[in-house]
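A quick write-up on the structure given underneath.
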Amino acid sequence: MTIETYNPSEVTFPESVGKVLIVNNAVPQPADSGYEYTLMGVKQDTCVAVADSALFYACRSLGKSIVDADYFNDVLLYHDAVREDKEYLSDVKLTPEQVASLCEETGTDAVISLDRLLFEMEKDVFTFPEGYVMGNIKVDIAGVVRCYLPGRSNPLATVYMSDSIFWNESADDPGMLKYILPDANSALCIAGDYIGAKVYVNFVPHWVNESRWYYSGMDSRWKEAAVATAGEKWTLASERWSAIYNGTSNWKKKAKSASNLALCYEMEGDLKKAYEWASLSYDLFKKNIKGEDNNTKLLELYVETLMNRIRSDQKLNMQFGEE
């Protein structure tokens, strides 16, 4: 089964930060840099890809994703690029004076700055003997994003990001392929939008989809408990699994029902009890099975996951100003 868990951000801002500013402090790479285009086996030496808009898309996507998380009171996108030099390979931090000026100008409490963003793009268009045309695009993305607070000499945090995005399309002829495969400039913009939407989790609490599982059995009590679990009736399910656990002397049934009880308590929000039951289940499998089998491995991972969730909840409480 799939569940959603609420996770803290990697970066914890002070409680005083209510409004943040997204800033483009990166220099776009030259149009003739970082782009390789192979057409029918021949590398093209005149290909260009303009990255200016891609930087804007990355900042806008980052800001929109942070807004959608509904954590800060307000999120602003700065209207201009900050740097005026041409050293696109260099990673240049904002100075304390720049941070103070930006926050004063916009009425914000912190700055999230895209300090460098580089792209490596490969495009390959070729034909198959069958007659159709295939086009592949791969864009590698690497960048640096930092958080700044006015009055601090150093950044609050630095996030290094690296990812890739791919396209693979086919068409009857090259003319048709142009309508399906993005052009070079569009591909960079899409890549910028993609990385901005992905890196936001470092700055705000966010939801994550995770997988969970539970044991079932053939007798009527197990089926009844499994129906309650499948229907997400967690209080009823925990009562049924408790009855099974207490009513059997078979160690394997105890281990499986204990694992299911851990899931019930996790879904009810009692992570400490969930951890205790998962640990009990793991210990029973570990004690009675020589070596490691799938049950032991799964329970070991689940125990670790629950411990991480307990730590995450503590961090979430701190990020929301709760004890």
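The shown structure was predicted, so the numbers you read here are calculated from the model rather than taken from an experiment. One-based numbering along the sequence shown.
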Taking the ring of [Y] and the ring of [X], is the distance between their centroids below 6.0 Å?
X      : Y      : answer
Tyr214 : Trp241 : no
Tyr215 : Trp213 : yes
Phe285 : Trp251 : yes
Phe203 : Phe72  : no

Gap separating the [atom1] atom of [X] from the [atom2] atom of [Y], nearest 0.5 angstrom:
X      : Y      : atom1 : atom2 : answer
Leu177 : Thr127 : CG    : OG1   : 11.5 Å
Ile180 : Ser170 : CD1   : OG    : 7.0 Å
Gln319 : Ser9   : CD    : OG    : 3.5 Å
Thr5   : Asp313 : OG1   : CG    : 9.5 Å
Glu10  : Cys147 : CD    : SG    : 11.5 Å
Asp163 : Ile195 : CG    : CD1   : 5.0 Å

Open item on the list: Over 60° means perpendicular and under 30° means parallel, so tell me whether Tyr37 and Tyr35 are parallel, tilted or perpendicular.
Closed with: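 Parallel, since the angle between the ring planes stays under 30°.
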
Task: Plane angle bin for Tyr6 and Phe320 - parallel if under 30°, tilted between 30 and 60°, otherwise perpendicular - done: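 Judged by the thresholds at 30° and 60°, the geometry between Phe320 and Tyr6 is tilted.
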
Task: Inter- and intrachain pairs under ring-ring contact (aromatic ring centres under 6.0 Å, His included), touching residues 101-129, at least two apart - done: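 Only Phe126-Phe128, Phe128-Tyr132 qualify under ring-ring contact (aromatic ring centres under 6.0 Å, His included).
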
Indicate whether the side chain of [X] and that of [Y] have a donor and an acceptor atom separated by less than 3.5 Å.
X      : Y      : answer
Arg83  : Ser90  : yes
Thr2   : Glu210 : no
Asp140 : Ser164 : yes
Asp183 : Ser186 : yes
Tyr148 : Gln98  : no
Glu268 : Ser238 : no

Is there a side-chain contact between [X] and [Y], using heavy atoms and a 4.5 Å cut-off?
X      : Y      : result
Leu77  : Arg60  : yes
Asp172 : Val133 : no
Val111 : Leu94  : yes
Tyr282 : Thr296 : yes

Ion pair [X]/[Y], N-O distance below 4.0 Å:
X      : Y      : value
Asp115 : Lys93  : no
Glu266 : Lys273 : no
Asp124 : Lys43  : no

Open item on the list: With side-chain contact (heavy atoms from CB on, under 4.5 Å) as the criterion, how do Val199 and Val159 come out once you've worked through the C-alpha distance, each side chain's angles and the decisive distance to 0.1 Å?
Closed with: CA-CA 8 Å; Val199 76; Val159 176; 3.9 Å; yes

- [ ] Report the C-alpha separation of Lys64 and Asp68 in whole Å, then their side-chain angles, then the decisive distance to 0.1 Å, and conclude whether the salt bridge (charged side-chain N to carboxylate O under 4.0 Å, His left out) test is met.
- [x] CA-CA 6 Å; Lys64 183 179 183 303; Asp68 291 343; 3.1 Å; yes

Taking everything shown except [X] itself, do over 12 heavy atoms lie less than 6.0 Å from its [atom1]?
X      : atom1 : answer
Asn294 : CG    : no
Glu105 : CD    : yes
Met176 : CE    : no

Open item on the list: For Val208 and Glu4: C-alpha separation, side-chain torsions, deciding distance, then whether side-chain contact (heavy atoms from CB on, under 4.5 Å) applies.
Closed with: CA-CA 5 Å; Val208 175; Glu4 281 192 320; over 6 Å; no

TODO: Evaluate the criterion side-chain contact (heavy atoms from CB on, under 4.5 Å) for residue pair Ile141 and Met161; output intermediate values, then yes/no.
DONE: CA-CA 8 Å; Ile141 315 157; Met161 53 189 183; 5.8 Å; no

TODO: Let me see the working for Tyr265 and Leu261 under side-chain contact (heavy atoms from CB on, under 4.5 Å), right down to the final yes or no.
DONE: CA-CA 6 Å; Tyr265 281 114; Leu261 276 166; 4.3 Å; yes

